Amino acid sequence: MIRATKKEKIHLSTPHLSGSELEFVREAFDTNWVAPVGPHLEAFEREASNFLGVKEAVALNSGTSAIHLALALLGVKRGDTVFCSTLTFIASANPILYQGAEPVFIDSEPDTWNMSPAALKKALEDAGQKGKLPKAVIVVHLYGQSAKMDEILCLCNQYDIPVIEDAAESLGSRYKQKPSGTMGKLGIFSFNGNKIITTSGGGMLVSNDAEAIRKAKFLATQAKDPAPYYQHSCLGFNYRMSNVLAGIGRAQLKVLKERVSARRDIFSSYLRELSFIPGIEFMPELEGTFSNRWLTAMLLDEKQTGISSSTLMRLLAEANIEARPVWKPLHLQPLFEGTLFYSHEEMNVSEYLFRNGLCLPSGSNMKGENFMRVIQFIKKALKVKV
Ligand SMILES: *Cc1c(COP(=O)(O)O)cnc(C)c1O
């Protein structure tokens with residue numbers, strides 16, 4: 001039987017190893033540090049905090065647990081509210097529910113696709129009037145693009161509300177020279193397999209407040225009291241990263257800069273090849289910021305392109321090319337039905353971005369010929385003369 005050979009699958013984003021990961025892992029094996037603590041773990045935390053220019057870091061088993069610990073550290077409990085960007089992955093907000101608290105979702109604004117300072121201002125004013133200010137604000141830096149941190153921090157400082165930066169997607173990005181994840185009271189990163197660097201699975205919580213990170217380490221390892229037997233006075237978690245995975249992280253951190261420049265090159269190539277097409281627009285990069293361009297995201301105006309983002313995604317899938325919609329806003333998720341949401345002025349920016357946005361294959365190890373296959377396919381689908 002003769003079958004048409006299916007072309008190689010092009011993924012959205014896959015792990016990109018440097019080759020030196022195994023040396024670190026072997027070292028952990030050779031020294032028998034196959035434990036949830038050990039020298040790689042401490043070194044990974046030190047190297048990451050040096051890279052970020054932040055005082056302290058704690059390596060954890062996921063970005064989600066980093067957000068959960070951040071909320072626990074800030075004393076978020078049942079009945080509290082926490083504000084959160086609406087245009088993000090569910091993991092940004094699930095820990096709010098873990099703590100029994102209630103989220104309030106804040107819309108995006110057009111310049112960054114991230115938290116709208118105007119919507120945040122309105123939400124804070126309303127909450128102030130009701131006497132129910134949030135315990136924390138979770139700001140996401142989507143696809144590597146920084147949110148408008150000056151405006152957001154200024155608003156939150158007025159009300160004395162701590163900011164958690166969800167920098168899961170923005171390791172290596174900068175906002176006015178400041179590394180993403182280091183501007184709020186606490187910052188979190190993810191090393192999941194699809195992120196810009198990976199430990200297969202993992203996360204990190206960082207802060208300039210050394211006491212907060214000391215407490216995070218305590219909570220992340222079952223909150224053991226300093227007693228000669230097992231004694232516990234407060235609720236803890238089992239959230240620490242293992243020493244073996246931290247070894248992978250050390251090798252990955254060494255190539256982060258290269259990974260960022262590869263992703264930025266991919267973005268520039270998409271821009272060069274596709275931005276002339278009427279009705280196509282790319283995620284902006286706010287002046288004074290530097291995005292790691294984790295994923296290249298574009299918008300299609302169906303009236304001009306003649307094809308919707310969802311149709312293009314389906315066609316790409318048929319050609320074995322993986323594209324994904326922009327995150328479905330959390331205020332539209334069935335899980336969060338009935339949750340309070342503040343839109344950006346008279347617009348609903350996040351819903352527009354969700355309906356018209358598409359993330360394109362952006363892996364730093366994507367082959368040039370595969371990149372050209374994506375470009376040619378999109379041009380063909382959009383009936384662009386090439
Ligand atoms: C990936 C991601 C997370 C969660 O990280 P995990 O390590 O997968 O738990 C949180 N927030 C955002 C925005 C993410 O993209």
Side-chain angles (χ1 to χ4, degrees), residues 11-15 44 48 57-72 82-99 103 105-106 108 112-115 136-147 149 152 163-173 180-181 184 186-206 216 220 237-242 245-246 248-249 252-253 259 263 283 291-297 324-331 333 335-336 350 353-354 357 359 362-363:
H11 292 274
L12 190 74
S13 178
T14 55
F44 184 39
V58 52
L60 302 164
N61 59 5
S62 76
T64 309
S65 36
I67 299 172
H68 192 189
L69 278 181
L71 294 175
V82 174
F83 289 3
C84 182
S85 306
T86 195
L87 192 65
T88 181
F89 182 44
I90 192 84
S92 302
N94 274 344
I96 301 171
L97 298 189
Y98 300 166
Q99 288 301 91
F105 293 118
I106 312 292
S108 302
T112 62
W113 299 17
N114 285 311
M115 185 178 278
V137 174
I138 302 174
V139 181
V140 179
H141 305 300
L142 206 66
Y143 306 135
Q145 166 65 61
S146 300
M149 287 307 286
I152 290 167
V163 170
I164 300 168
E165 283 182 83
D166 179 346
E169 303 179 0
S170 61
L171 180 60
S173 300
S180 197
L186 295 154
I188 78 95
F189 297 96
S190 167
F191 308 115
N192 200 355
N194 59 356
K195 297 283 156 60
I196 194 146
I197 61 169
T198 183
T199 57
S200 82
M204 196 170 267
L205 178 68
V206 305
F237 307 92
N238 184 5
Y239 276 175
R240 208 74 157 101
M241 179 182 278
S242 86
L245 298 189
I248 302 177
Q252 286 273 286
L253 198 58
R259 298 297 181 259
R263 301 243 179 189
M283 186 184 201
S291 170
N292 69 11
R293 292 288 184 193
W294 173 54
L295 294 182
T296 290
R324 291 269 180 94
V326 165
W327 299 122
K328 179 174 182 173
L330 297 185
H331 69 276
Q333 298 289 350
L335 175 66
F336 291 119
S350 56
L353 296 170
F354 166 58
C359 296
S362 308

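On a predicted model such as this, the values are computed, not experimentally measured, just so you know. Nothing fancy with the numbering, it's 1 onward along the sequence. Note: hydrogens, waters and symmetry copies are ignored here, and every other heavy atom, side chains too, is used. Start at 1 and go down the list; that is how both ligands and their atoms are numbered.
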Handout entry: Steps toward side chain to side chain contact (heavy atoms under 4.5 Å, CB included) verdict (Val82, Ile164)
Key = CA-CA 10 Å; Val82 174; Ile164 300 168; 6.0 Å; no

Please step through side chain to side chain contact (heavy atoms under 4.5 Å, CB included) for the pair His68 and Phe237, ending with a clear verdict. CA-CA 10 Å; His68 192 189; Phe237 307 92; 3.2 Å; yes

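Those atoms of ligand 1 with a heavy atom of Phe89 less than 4.0 angstrom away are 2 (C), 3 (C), 14 (C). Within ligand 1, counting atoms from 1 as listed, the ones closer than 4.0 Å to a heavy atom of Ser92 are 11 (N), 13 (C). Atoms of ligand 1 lying under 4.0 Å from any heavy atom of Thr88, numbered from 1 in the order shown and given with element: 13 (C). The atoms of ligand 1 that sit less than 4.0 Å from any heavy atom of Gly202 are 7 (O). Within ligand 1, the atoms closer than 4.0 Å to a non-hydrogen atom of Ala168 are 2 (C), 3 (C), 10 (C), 11 (N), 12 (C), 14 (C), numbered from 1 in the order shown.
Considering backbone and side-chain atoms alike, Trp294 places every N or O at 3.5 Å or more from each N or O of ligand 1. Among the atoms of Asp166, some N or O lies under 3.5 angstrom from an N or O of ligand 1. The distance criterion of under 3.5 Å between nitrogen or oxygen atoms is met by Asn192 with respect to ligand 1. Remark: ligand 1 and Gly63 share an N or O pair separated by less than 3.5 Å (distance only, no angle test).
Judged purely by atom type and a 3.5 angstrom limit, Arg263 uses its side chain to pair as donor or acceptor with the backbone of Trp294. Side-chain N or O atoms of Asn194 include none that pairs as donor or acceptor with a backbone N or O of Ser13 at under 3.5 Å.
Given atom 15 (O) of ligand 1, the protein heavy atom at minimum distance is Glu169 OE2, 2.6 Å. Looking only at protein heavy atoms, the nearest one to atom 2 (C) of ligand 1 is Lys195 NZ, 2.7 Å.
Scanning Ser85, Ser190, Ala167, Ala91 for the heavy atom closest to atom 7 (O) of ligand 1 points to Ser190.
Taking the six-membered ring for Trp and thresholds of 30 and 60 degrees, Tyr143 and Trp327 have nearly parallel ring planes, at less than 30 degrees apart.
Both the backbone and the side chain of Ser62 come within contact range of ligand 1, each with a heavy atom under 4.0 Å. Contacts between Thr64 and ligand 1 below 4.0 angstrom, taking non-hydrogen atoms only, involve backbone and side chain alike.
Of all heavy-atom pairs between Glu169 and Asn292, the closest is O-ND2, 3.0 Å. Closest of all the heavy-atom pairs between Arg293 and Met283 is NH1-O, 3.0 Å. Nearest heavy-atom pair, Ile90 versus Leu335, reported as atom, atom and distance to 0.1 Å: CD1-CD2, 3.9 Å.
One finds the CD atom of Gln252 at 6.0 Å from the CZ atom of Arg259 (value rounded to the nearest 0.5 Å). Atom-to-atom distance recorded for Phe191:CZ and Ser62:OG is 11.5 Å, nearest 0.5 angstrom.
Within the structure, ligand 1 lacks Ala66 among the residues with a heavy atom less than 4.0 angstrom away. Gly203 does not count as a contact of ligand 1, since none of its heavy atoms falls under 4.0 Å from the ligand.
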